[in-house]
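Letters A, B, ... mirror the listed sequences (proteins, then strands); counts begin at 1. For the numbers below, each heavy atom of this structure counts, side chains included, while hydrogens, waters and symmetry mates do not.
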There are 2 protein chains.
Amino acid sequence: MNLEDIARFSGVSRSTVSRVINNDPHVSDKTRENVLKIIAEHNYAPNIAARALVTKRTHVIGIYISNVIGDLFSDPYFSTLLQAIVTRANEQDFDVMLWLKGQETSIEHFHQRILDNRMTDGLVLSSTSRYDTLPQALLQRNRTFVLNGRPWCDEEHMNYVDATNQHGAQQAVEHLARMGHKRIATITGRLDLISGYDRLIGYRQAIEHLELPFEDSLVIEGDFTEISGYIGMRKLISEKPDAVFIASDHMAIGALRAIRESGLQVPDDIALVGFDDMSFATMTSPQLTTVRQPVQRQGILATEGLIGLLEGSITPPYQVSLPTQLVIRESCGFPA
Amino acid sequence: MNLEDIARFSGVSRSTVSRVINNDPHVSDKTRENVLKIIAEHNYAPNIAARALVTKRTHVIGIYISNVIGDLFSDPYFSTLLQAIVTRANEQDFDVMLWLKGQETSIEHFHQRILDNRMTDGLVLSSTSRYDTLPQALLQRNRTFVLNGRPWCDEEHMNYVDATNQHGAQQAVEHLARMGHKRIATITGRLDLISGYDRLIGYRQAIEHLELPFEDSLVIEGDFTEISGYIGMRKLISEKPDAVFIASDHMAIGALRAIRESGLQVPDDIALVGFDDMSFATMTSPQLTTVRQPVQRQGILATEGLIGLLEGSITPPYQVSLPTQLVIRESCGFPA
DNA sequence: ATAAGGCTTGGGAGCGCTCCCAAAAGAACA
DNA sequence: TGTTCTTTTGGGAGCGCTCCCAAGCCTTAT
């Protein structure tokens, strides 16, 4: 069943059917109606490949997530992001192709797969490592893409949607200081991801600004996983910090567990602030004080930006930075 | 840059280049080598649309997940499944297209989108509701697909990968009985999903078989979300059950919270068994006794099955049922 | 009645591939 | 040397669309 068949059945030419399908106004109402009826009767849908061959557009965007650690992205951050992207793309009549890079996949092979795949009009890249060469390779080949998180380099030319991670981290640390905490430690995220890096920078800036003691032993490197939060906190306990800024809620869950196991109390013995404001942050006891970042909004804006770029309604660079917001709950302590 | 260009550069014909790209043995080693060099030099990749137009194959499979509730699939079940599918598909040289049905999306519109999209060779459908007409529509149009979870109807003709949910639920309840519990309640999953339904059936069969009292008030309908586990358990507490079989670990987390808030102890006051064996089941206190289902394996087999079906190496129906396994930890109590 | 103008419609060309058949080149044998 | 067979190569046709130009039709004005 193709255009020609539909044309024959409805007694018009291939061109007219094409016009009807593409909503071209140059068709009489009578003809349009008739053709639409025939199309519906036969469940006809145009052959996407043939269309793509001539238009050089597929109406498909790709999502590349490279941070997939361990048993997969158990961190609901990615689920939320993914859902936002897929939903928004569908609303704008785009379909979505998905690539997940696990640890085991060979990166060259994987990149080649994405670079060679010409089935997508554009890409959203999420949580690209500082060492990931994909953005550069795509740039070099003139492919349209939007980064989730600001780029490590070439900032002026890249399209991205970011959150104010530095500022969020600062707010968190400042709030802990305001609550009377002096010895404030941090468990970082992956430092090869811009979000992890920026949150550490924010921590440092706040410490410096507040003229609090900065000690290397108060900075523990995590990798955003729950288990790394647990391990990080176990290391940290012997350092006896008053408070800890943890670069993700997911890690904060692990940290809470470590604290509970050691018999200490949150926030009395150790105060905690997380980052992300994931849905489970209100389900812990005590409830988690955290820095909210608009994950869903990031996904939506990345998608809208990409599609706008593709359709020419947005001229590059498309650069967005979304605000973060401190959400005060119980884990940070109460004013004395 | 197309086949013809590469042909010109390497001094051979379009056909020969095509043969090289498709690994046709009827090319001399010298020619092949030369052509490959030119291809690499120009970063040439064949135009997928043109190829698909003639072969009628895209090497793309689609995944349709319809269970997306609320703030997205916060249940890591889907993340795990998705990752397994994507990884396996990529290994077999297929790309993956993703559709997520949220509550808000109009189902007709969504189905049309999937039915019309001829860009995928086949589909994996996960957690399709009993009321979802997509499987029938796909069947009617002769599209190849594999269900994750056995179908609600037309079982003989459908391809599916399932887990032994009934048996798993039975084991869970039997174990609770063995631990000395008499008044065993359940919080069900969504009963329009086959997994939720089968787990309830398994519960009932066990109760009947063990000749324990069956009371309607001991069966609370949940929907697999954490919050429904919380709400369900709050309702259940007044019924004073000895033990509860909860149809997912995610709901069990909510139930644990409800029990803790009411000042009761697990397993002393109420024993609990979950389902899924998600990674967080060992992080709760007490650790969760649960029924393990091989989610990853399900994703892998669904993908392999679909691809096998597409390539003709498997003849339909492709029907797999994977075993579940009781994992005994702390929440179910200890032998008296 | 004729010309001029706007709508609507039809059909050729071409997108970049694969597939098939036929031609060319090389190998092997008498 | 010619003949036959095998291996390697070339080129036409066609997949199902869109895009463009030209032709046909219907108005409306002169």
>> List the residues meeting salt bridge (Lys or Arg N to Asp or Glu O under 4.0 Å) with B:Asp132, not counting sequence neighbours, and say none if there are none.
In response: none
> When you measure from every atom of DNA chain C, which of residues 27-39 of chain A have a heavy atom less than 4.0 Å away?
Replying inline: A:Val27, A:Ser28, A:Thr31
> Any Lys/Arg nitrogen of B:Arg113 or A:Asp93 sitting under 4.0 Å from an Asp/Glu carboxylate oxygen of the other?
Replying inline: yes
>> My understanding is that only residues two or more places apart in sequence, or in another chain, count here; which of them pass salt bridge (Lys or Arg N to Asp or Glu O under 4.0 Å) with B:Asp192?
In response: B:Arg190
> Does B:Phe9 have any ring pair (Phe, Tyr, Trp, His ring centres under 6.0 Å) partners at least two apart in sequence or in another chain, and if so, which?
Replying inline: B:His42
>> List the residues meeting ring pair (Phe, Tyr, Trp, His ring centres under 6.0 Å) with A:Tyr64, not counting sequence neighbours, and say none if there are none.
In response: A:Phe110
> Once you build an axis from the first five pairs and another from the last five of the helix from C:dA1-D:dT30 to C:dA30-D:dT1, how far apart in angle are they, to 10 degrees?
Replying inline: 50°
>> Can you list everything that forms a side-chain hydrogen bond (donor to acceptor under 3.5 Å, both in side chains) with B:Ser28? Sequence neighbours excluded, please.
In response: B:Thr31
> Can you list the residues that meet the salt bridge (Lys or Arg N to Asp or Glu O under 4.0 Å) rule with B:Glu155, with sequence neighbours excluded?
Replying inline: B:Arg150
> Quick one: what's the B/S/- string for nucleotides 11-18 of chain D, heavy-atom cutoff under 4.0 Å, read 5' to 3'?
Replying inline: BBB-BBBB
> How would you list, by chain and number, every residue that makes a ring pair (Phe, Tyr, Trp, His ring centres under 6.0 Å) with B:Tyr197, sequence neighbours excluded?
Replying inline: B:Trp152
>> Can you list everything that forms a ring pair (Phe, Tyr, Trp, His ring centres under 6.0 Å) with A:Phe94? Sequence neighbours excluded, please.
In response: A:His59
> salt bridge (Lys or Arg N to Asp or Glu O under 4.0 Å) with A:Arg143: which residues, sequence neighbours excluded?
Replying inline: none
